[in-house]
Amino acid sequence: MKKHSARVAPLSACNSPVLTLTKVEGEERPRDSPGPAEAQAPAGVETGGRASRRCWTCSRAQLKKIFWGVAVVLCVCSSWAGSTQLAKLTFRKFDAPFTLTWFATNWNFLFFPLYYVGHVCKSAEKQSVKQRYRECCRFFGDNGLTLKVFFTKAAPFGVLWTLTNYLYLHAIKKINTTDVSVLFCCNKAFVFLLSWIVLRDRFMGVRIVAAILAIAGIVMMTYADGFHSHSVIGIALVVASASMSALYKVLFKLLLGSAKFGEAALFLSILGVFNILFITCIPIILYFTKVEYWSSFDDIPWGNLCGFSVLLLTFNIVLNFGIAVTYPTLMSLGIVLSVPVNAVIDHYTSQIVFNGVRVIAIIIIGLGFLLLLLPEEWDVWLIKLLTRLKVRKKEEPAEGAADLSSGPQSKNRRARPSFAR
């Protein structure tokens, strides 16, 4: 009697170069010594069965994540493009970009309540609002959210948030939404440059190339309209908005680090509170100085304002919490895909001219954005993939030669019994 340990060999997700599965140790079972044919058949069936089940489970998980990724991409693209177009439509009746920014930012207060509703519905260990709030406040330090922390770690981000949105909306008044949306994609290049300088992140040549492409795209976009003052101001406003967005992200990582879902929701709600308490005075001043003036509150298109706020809130929710169901790269794709959506809408609703320079600038900025989505280890993955392809190409001729050499031998073996007779 001999003991044989049932072991599944390491799988690589059905020969997929992306996912690898670790080996699974089976239980040792005493068995009778089988004959040569019996020894191979059960082991092959068992190994093949486990491999197929593991591959099926892996593929189902991947398919589910990709499905959610497609849904998130569509949601990000539609909400970002929709909010941009609705803002453009709102300014035809309500020329007040800062008031619109203030109104939409107030809706950030809903982040933490919405997160808590999700926590109650999904979490096995349910906590009260007070308990969950105190736990999330640890993100700001051992003392939680104090007045000092509020003004030193929350207020600066509230100012950057307001500046980012105001400059973006003000640019929509000056130039078309296609140029605004594609130029704002440069913020990813600015994030890389600031992270490289301030955070000492890893230097990557491909990202330097992407940053150069982004800058070249900005220059070409300016040239597309002939350097008119109106378009130059609009482009400068978008680039400033993208810079504020990049500064927001880099400072957040520098001062606060990374945040969990509850901590991020609480932080964004605090930005809404800051906006209500300290930014409210600015729209009032602009109204009485008639910089942003409307004759009566009945003339305000409340439907457009609320629609824009809901779309912007949806965009920020999906962008901040979509990582729970899909890959971060897919979420970023939604932003760049909003550019062709805005281009199609502008083509039918405005007098935009897609000349050669503008199209090339859009392609260059989009290419730079996609290069910035490459992971840090992309070169290692590419080398591994090329190595596997070379190995497979070498194995194929060897297998073909083995088949040719075994052909005559098999014929001779079949012919021998007839000669023996």
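Because only heavy atoms are used, hydrogens play no part in the values below, and waters and symmetry mates are left out as well, while side chains stay in.
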Report task. Among V359, I212, L213, find the one that has a side chain to side chain contact (heavy atoms under 4.5 Å, CB included) with I364. Result ->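 One option only clears the test, and that one is L213.
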Query raised in the report: V250 pairs by side chain to side chain contact (heavy atoms under 4.5 Å, CB included) with which of L255, I197, L199?
Result: L199
Parallel, tilted or perpendicular: which describes the rings of [X] and [Y], with under 30° parallel and over 60° perpendicular?
{"X": "F111", "Y": "F321", "answer": "tilted"}
{"X": "W294", "Y": "F94", "answer": "tilted"}
{"X": "F150", "Y": "F278", "answer": "tilted"}

Measuring from atom [atom1] of [X] to atom [atom2] of [Y], what distance do you get when rounded to the nearest 0.5 angstrom?
{"X": "R358", "Y": "I362", "atom1": "CZ", "atom2": "CD1", "value": "7.0 Å"}
{"X": "F274", "Y": "I279", "atom1": "CZ", "atom2": "CD1", "value": "4.5 Å"}
{"X": "L319", "Y": "S332", "atom1": "CG", "atom2": "OG", "value": "7.0 Å"}
{"X": "Y115", "Y": "L268", "atom1": "OH", "atom2": "CG", "value": "13.0 Å"}
{"X": "F252", "Y": "L160", "atom1": "CZ", "atom2": "CG", "value": "12.5 Å"}
{"X": "I172", "Y": "Y168", "atom1": "CD1", "atom2": "OH", "value": "5.0 Å"}

Query raised in the report: Is the closest side-chain heavy-atom distance between L63 and F67 below 4.5 Å?
Result: no
Query raised in the report: Mind checking whether S83 and F315 have side chains closer than 4.5 Å, heavy atoms only?
Result: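 In short, these two side chains do not touch, never coming nearer than 4.5 Å.
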Look at the side chain of [X] and the backbone N and O of [Y], then say whether any donor-acceptor pair between them is shorter than 3.5 Å.
{"X": "Q131", "Y": "S128", "value": "yes"}
{"X": "N342", "Y": "S338", "value": "yes"}
{"X": "Y116", "Y": "V129", "value": "yes"}
{"X": "W302", "Y": "F297", "value": "yes"}
{"X": "D179", "Y": "I175", "value": "no"}
{"X": "D346", "Y": "T178", "value": "yes"}
{"X": "E263", "Y": "K260", "value": "yes"}
{"X": "K249", "Y": "V191", "value": "no"}
{"X": "S245", "Y": "S241", "value": "no"}
{"X": "S269", "Y": "F109", "value": "yes"}

Report task. For residues F184 and W80, establish whether the separation of their ring centroids is below 6.0 Å. Result -> yes
Requested in this report: Under the side chain to side chain donor-acceptor pair (under 3.5 Å) rule, what do T105 and N108 come out as? Steps first, then yes or no, please.
Outcome: CA-CA 6 Å; T105 306; N108 279 13; 5.7 Å; no
Query - Any donor-acceptor N or O pair under 3.5 Å, side chains W102, T280 - result: yes
Query - T146 versus N143, side-chain donor and acceptor atoms under 3.5 Å - result: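 No, because no side-chain N or O of N143 sits under 3.5 Å from a partner of the opposite role on T146.
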Do other residues, nucleotides or ligands put more than 12 heavy atoms under 6.0 Å from the [atom1] atom of [X]?
{"X": "I66", "atom1": "CD1", "result": "yes"}
{"X": "W107", "atom1": "CH2", "result": "yes"}
{"X": "K253", "atom1": "NZ", "result": "no"}
{"X": "K93", "atom1": "NZ", "result": "no"}
{"X": "Y287", "atom1": "OH", "result": "yes"}

